[in-house]
A.B. asks: 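My structure is below; once you've seen it, I'll send some questions.
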Protein chains: 2
Amino acid sequence: MASPSSCTRSRYSNSGGDSLTFRALGARLGVDATAVYRHFADKDELILELVDRLLKEAMAGFTPDDNWRKTNVDIYERVRAVHLKFPRLAVLVASRTGRRAHEFSAVEHIIGALRRAGLSPESAGRYYRVLTEYVLGYMIEEATFRSLDAATQDGDRRAWLVEYRALPDDEFPNIASSIDHIPIDDDPRIFGWGLDLLLDAVEQQIQAPPPVST
Amino acid sequence: MASPSSCTRSRYSNSGGDSLTFRALGARLGVDATAVYRHFADKDELILELVDRLLKEAMAGFTPDDNWRKTNVDIYERVRAVHLKFPRLAVLVASRTGRRAHEFSAVEHIIGALRRAGLSPESAGRYYRVLTEYVLGYMIEEATFRSLDAATQDGDRRAWLVEYRALPDDEFPNIASSIDHIPIDDDPRIFGWGLDLLLDAVEQQIQAPPPVST
DNA sequence: ACCTGAACACCGTTCAAGT
DNA sequence: ACCTGAACACCGTTCAAGT
């Protein structure tokens with residue numbers, strides 16, 4: 001209800017404000033900013049709890065599909081959706097291993113789908129990590145970008161509409177030839193394109209003779 | 001020379017300290033913390049300049065290879081190496097579009113390699129973005145993790161050596177079967193595995209009939 | 001058992017004043 | 001043309017004190 005403070009200027013010029021602070025949290029809850037220390041040892045403990053609640057919300061109502069690929073896409077889209085919903089939290093959260101119940105469950109389902117696809121335990125373990133690292137990395141970048149203030153975001157987006165288009169053709173012939181087809185940085189479709197590409201390659205590994213591993 | 005301040009406790013419990021601050025910068029340069037405002041409008045301007053210098057360092061001595069795949073891997077490895085060298089800077093930098101000379105040059109070389117591989121302007125533009133988003137996302141996540149303090153990093157790493165291993169086999173059979181083969185979060189080989197998988201899929205697109213695009 | 005509030009050691013940024 | 005230094009509005013965290 002009561003706006004916590006005017007916040008005319010944020011701590012970083014490119015930060016959109018409203019990040020998670022104990023003072024804002026206390027104001028919102030009507031208690032002192034330090035009251036949170038009665039419940040969590042420090043800010044990191046709070047964040048780990050939030051990782052788990054985020055994954056709980058993401059996985060609510062999930063049931064695995066017979067199609068392993070659909071199952072994995074479903075899980076990763078769910079996790080991404082909830083991070084998009086809380087981008088300022090996602091920045092703090094997505095590089096961490098939550099190591100709590102709802103993360104365990106999501107991991108079990110992902111690896112289960114890869115095993116059902118016909119992957120060996122070795123390949124399932126490795127590709128679980130590669131796929132998940134792609135998704136987490138993408139989400140952090142996306143959330144970081146969306147946490148910037150509007151003007152900074154627009155400046156970065158405009159780079160692909162203005163600066164990259166203004167480059168001299170003779171010096172940058174390849175950019176010139178493709179510029180109409182380079183998606184803007186934060187085009188939401190990129191996530192799915194990359195995930196599909198990775199899953200295509202994994203599917204290829206299943207059909208092809210197993211490659212030499214390192 | 002002179003350590004700027006003891007810094008026994010950092011602003012966030014999980015931040016490793018030594019991030020980029022105007023006060024630390026001023027102390028290091030022997031000037032007042034606000035002197036930087038004589039040269040940059042705000043912190044964001046400083047960061048954009050640093051993006052360009054990072055890419056300049058990354059691309060120093062680069063020459064494209066005849067092999068398009070080698071060329072792209074070389075560029076992406078160079079960019080990653082320089083971000084690994086300055087992880088606390090990488091966190092601030094890797095989600096941004098630098099839109100300056102050295103970024104233009106790197107983009108030109110990446111798209112050029114994809115065109116030489118036989119991709120259409122459409123596909124080259126799209127896959128440039130997908131590959132780059134993978135690399136940037138991976139780097140942000142890696143840099144964010146390496147910017148955590150040592151104890152927090154160890155806690156996350158230990159999750160895969162302790163918590164995930166302690167899970168009951170009957171409830172988590174797929175994790176149990178693969179646990180010996182799941183790489184730790186920050187295994188440096190994951191980057192290359194993911195990039196190779198994406199490039200495998202791109203190569204597949206070149207050989208196969210072009211797919212319907214969306 | 002839980003909360004308060006002053007204090008500490010930090011932030012980016014502004015601005016009047018210096019040279 | 002460039003720098004200083006006080007000030008402002010913020011941070012996470014500690015700790016003695018309250019109920």
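In what follows, every chain begins at residue 1, and chains take the letters A, B, ... in the order their sequences are listed.
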A.B. asks: What is the distance, rounded to the nearest whole Å, between atom CZ of F40(B) and atom C1' of dT14(C)?
C.D. replies: 19 Å

A.B. asks: Of the candidate nucleotides dC11(C), dT13(D), dT4(C), which contains the atom at the shortest distance from the side chain of V31(A)?
C.D. replies: dT4(C)

A.B. asks: Provide, to the nearest angstrom, the distance between the CG atom belonging to L25(B) and the P atom belonging to dC3(D).
C.D. replies: 12 Å

A.B. asks: Given ring-ring contact (aromatic ring centres under 6.0 Å, His included), test Y37(A) with F22(A) step by step and report yes or no.
C.D. replies: CA-CA 9 Å; Y37(A) 283 99; F22(A) 284 178; 5.3 Å; yes

A.B. asks: With a 3.5 Å limit on both atom pairs, tell me what dA7(C) is paired to, counting Watson-Crick and G-U wobble, or say none.
C.D. replies: dT13(D)

A.B. asks: Could you please name the partner base of dG18(D), counting Watson-Crick and G-U wobble pairs only when both distances are under 3.5 Å?
C.D. replies: dC2(C)

A.B. asks: In whole Å, what is the span from the CZ atom of R38(A) to the P atom of dT14(D)?
C.D. replies: 10 Å

A.B. asks: Could you check how far OH of Y37(A) sits from C1' of dC2(C), rounded to whole Å?
C.D. replies: 16 Å

A.B. asks: With the side chain counted from C-beta on, respond yes when R146(A) and L84(A) share a heavy-atom pair under 4.5 Å apart, and no when they do not.
C.D. replies: yes

A.B. asks: Do D187(A) and R157(A) pass the salt bridge (charged side-chain N to carboxylate O under 4.0 Å, His left out) test, and can you show the C-alpha distance, the side-chain angles, and the key distance before you say yes or no?
C.D. replies: CA-CA 10 Å; D187(A) 188 319; R157(A) 266 190 288 260; over 6 Å; no

A.B. asks: Round to the nearest Å and state the distance from R23(B) atom CZ to dT13(C) atom P.
C.D. replies: 11 Å

A.B. asks: Are R78(A) and D74(A) within salt-bridge range, i.e. N to O under 4.0 Å?
C.D. replies: yes

A.B. asks: Would R126(B) pass as a cation-pi partner of W193(A), given that its NZ or CZ must be under 6.0 Å from the six-membered ring centre and within 45 degrees of the axis?
C.D. replies: yes

A.B. asks: Determine the interatomic distance between P on dA9(D) and the same-named atom on dA9(C); round to the nearest Å.
C.D. replies: 22 Å

A.B. asks: What is the separation between atom CG on D32(A) and atom P on dT19(D), rounded to the nearest whole Å?
C.D. replies: 15 Å

A.B. asks: Taking atom P of dC11(C) as reference, at what distance in whole Å does atom CZ of F22(A) sit?
C.D. replies: 18 Å

A.B. asks: For dT13(C), does either OP1 or OP2 sit under 4.0 Å from a side-chain N or O belonging to T34(B)?
C.D. replies: no

A.B. asks: For L92(B) and dG12(C), give me the distance from atom CG to atom P, rounded to whole Å.
C.D. replies: 10 Å

A.B. asks: Can you tell me if H39(B) touches the phosphate of dC3(D), counting only side-chain N or O atoms and a distance under 4.0 Å to OP1 or OP2?
C.D. replies: yes

